[in-house]
Amino acid sequence: MKKILYIEDHEDTAEAVKKILNQAGFSVDLAKTGVQGIKKAETAFDGILLDIMLPDMSGWDVFKKLKKSKEKTKYLLLSALPISSERMTELKRRGIADYITKPFKREDLVKRIKKALQ
Amino acid sequence: MTATLIMTPAERVEDQITKVIANTHEKGVYVSLNKSQQSMEMFLRKKGIETENLFFIDCVTAEETEGIHIAPDNLPFLEKAIEFFMRDIKEKMYIIIDGLSTLLLYNSENAVAKFVKELIQDAAKQHIDLIAVSVITKEEELLNKIFNFFDEVKR
């Protein structure tokens, strides 16, 4: 079973995504802040989903910190901010496996996470 | 001098930018957060807009191409680069920030708010117009801290 850490400060969103991913066969752990996420990520996860705006730091800062020590983990950003295809290419170049725009369809979320963790 | 924020759907961003640039003959500093300098120049030329009066700061592509490239997570450096142009261009000029909300992907809300506030203050001191274009998002509260610094928000 693939293990996912979801770092998200909005409890409702976090719980909803956890439920969807549990039903799709993933094991999901949650963290509410960047610091908490970094601490939890000390154990191994196959994928880390990051909200971009966390209360204590940006999701990007969390990614930069984790990427150094957890290179093999796949990182996905979840955000309501639409981005251009060129920005997507740049994010991938810097190590982001996917960028999922909220609101997302349940099937789409699962499909993209599965693809990223392959 | 005014600081204007234009909120627009993603598919209309380029039209809004074209409108701003086509309506002025002044020199402009173009901070590009969504499209590379190369794509933007190509797009503007297709629309019949000359780009020799525009100085690009490309925050999209990596540094292997010509021009000024600044990573969007390096706000102090971006601020310094814009300040440099503000000091160096002696004629009447304007600043355009294409894709302001993109900064929120890489920086905290507070850091972006501080950057915007300082930039608007600096531009005001030097009587420079600042136009920022941002994509409308489903979660507009993401931009709440930033709205207040602008003289005008157009939708």
Worksheet item: Going hydrophobic residue to hydrophobic residue with side-chain gaps under 4.5 angstrom, can you get from B:I97 over to B:M7?
Response: yes
Worksheet item: Side chains of A:R94 and B:D73: does their closest heavy-atom pair fall under 4.5 Å?
Response: yes
Worksheet item: Any idea which of B:T102, B:V135, B:V60 has the most non-hydrogen atom pairs under 4.5 angstrom with chain A?
Response: B:V60
Item to complete: Verify the cluster assignment for A:I7 and A:Y99: are they in a single hydrophobic cluster under the rule of side-chain heavy atoms below 4.5 Å apart?
Response: yes
Worksheet item: How many angstroms lie between OH in B:Y106 and CG in A:L77, if you round to the nearest 0.5 Å?
Response: 8.5 Å
Discussion item. Please identify, among B:S39, B:G99, B:A111, the residue contributing the most non-hydrogen atom pairs under 4.5 Å to chain A.
Written reply: B:S39
Worksheet item: What about B:V31 and B:L44, same hydrophobic cluster or not, with Ile/Leu/Val/Met/Phe/Trp/Tyr joined at side-chain heavy-atom distances under 4.5 Å?
Response: no
Worksheet item: In this structure, are over 12 heavy atoms from other groups packed under 6.0 Å from A:E11 atom CD?
Response: no
Discussion item. Whether the side chain of A:S84 engages the backbone of B:K35 through a donor-acceptor N/O pair (distance < 3.5 Å, no angle test) should be reported.
Written reply: no
Practice prompt. Locate the shortest heavy-atom distance separating B:S108 from A:S58; write the atom from each residue and the value.
Written response: N-CB, 3.8 Å
Worksheet item: Side chains of A:E86 and B:N34: closer than 4.5 Å at any heavy-atom pair?
Response: no
Worksheet item: Between CG of B:N107 and CD1 of A:I52, what distance do you get to the nearest 0.5 Å?
Response: 10.0 Å
Worksheet item: Atom CG in A:L50, atom CG in B:L105: separation rounded to 0.5 Å?
Response: 11.5 Å
Worksheet item: Given the rule that I, L, V, M, F, W and Y join up when any side-chain heavy atoms are under 4.5 Å apart, are A:L54 and A:L78 in one cluster?
Response: no
Practice prompt. Please name all residues satisfying ring pair (Phe, Tyr, Trp, His ring centres under 6.0 Å) with B:F56, sequence neighbours left out, ordered by chain then number.
Written response: B:Y30
Worksheet entry | Atom CG of A:D12: over 12 foreign heavy atoms under 6.0 Å | no
Item to complete: Answer yes or no: are there more than 12 heavy-atom neighbours, outside A:K18 itself, under 6.0 Å from its atom NZ?
Response: yes
Fill in: Residues of residues 59-71 of chain A within contact distance of chain B, non-hydrogen under 4.5 Å
A:W60, A:D61, A:K64
Worksheet item: Is atom CZ of B:F77 surrounded by more than 12 heavy atoms (other residues, nucleotides or ligands) closer than 6.0 Å?
Response: no
Response to the item:
CD of A:E90 to CG of B:L33, rounded to nearest 0.5 Å, is 11.5 Å
Fill in: Shared hydrophobic cluster, B:I70 / A:L91 (ILVMFWY, side-chain heavy atoms < 4.5 Å)
yes
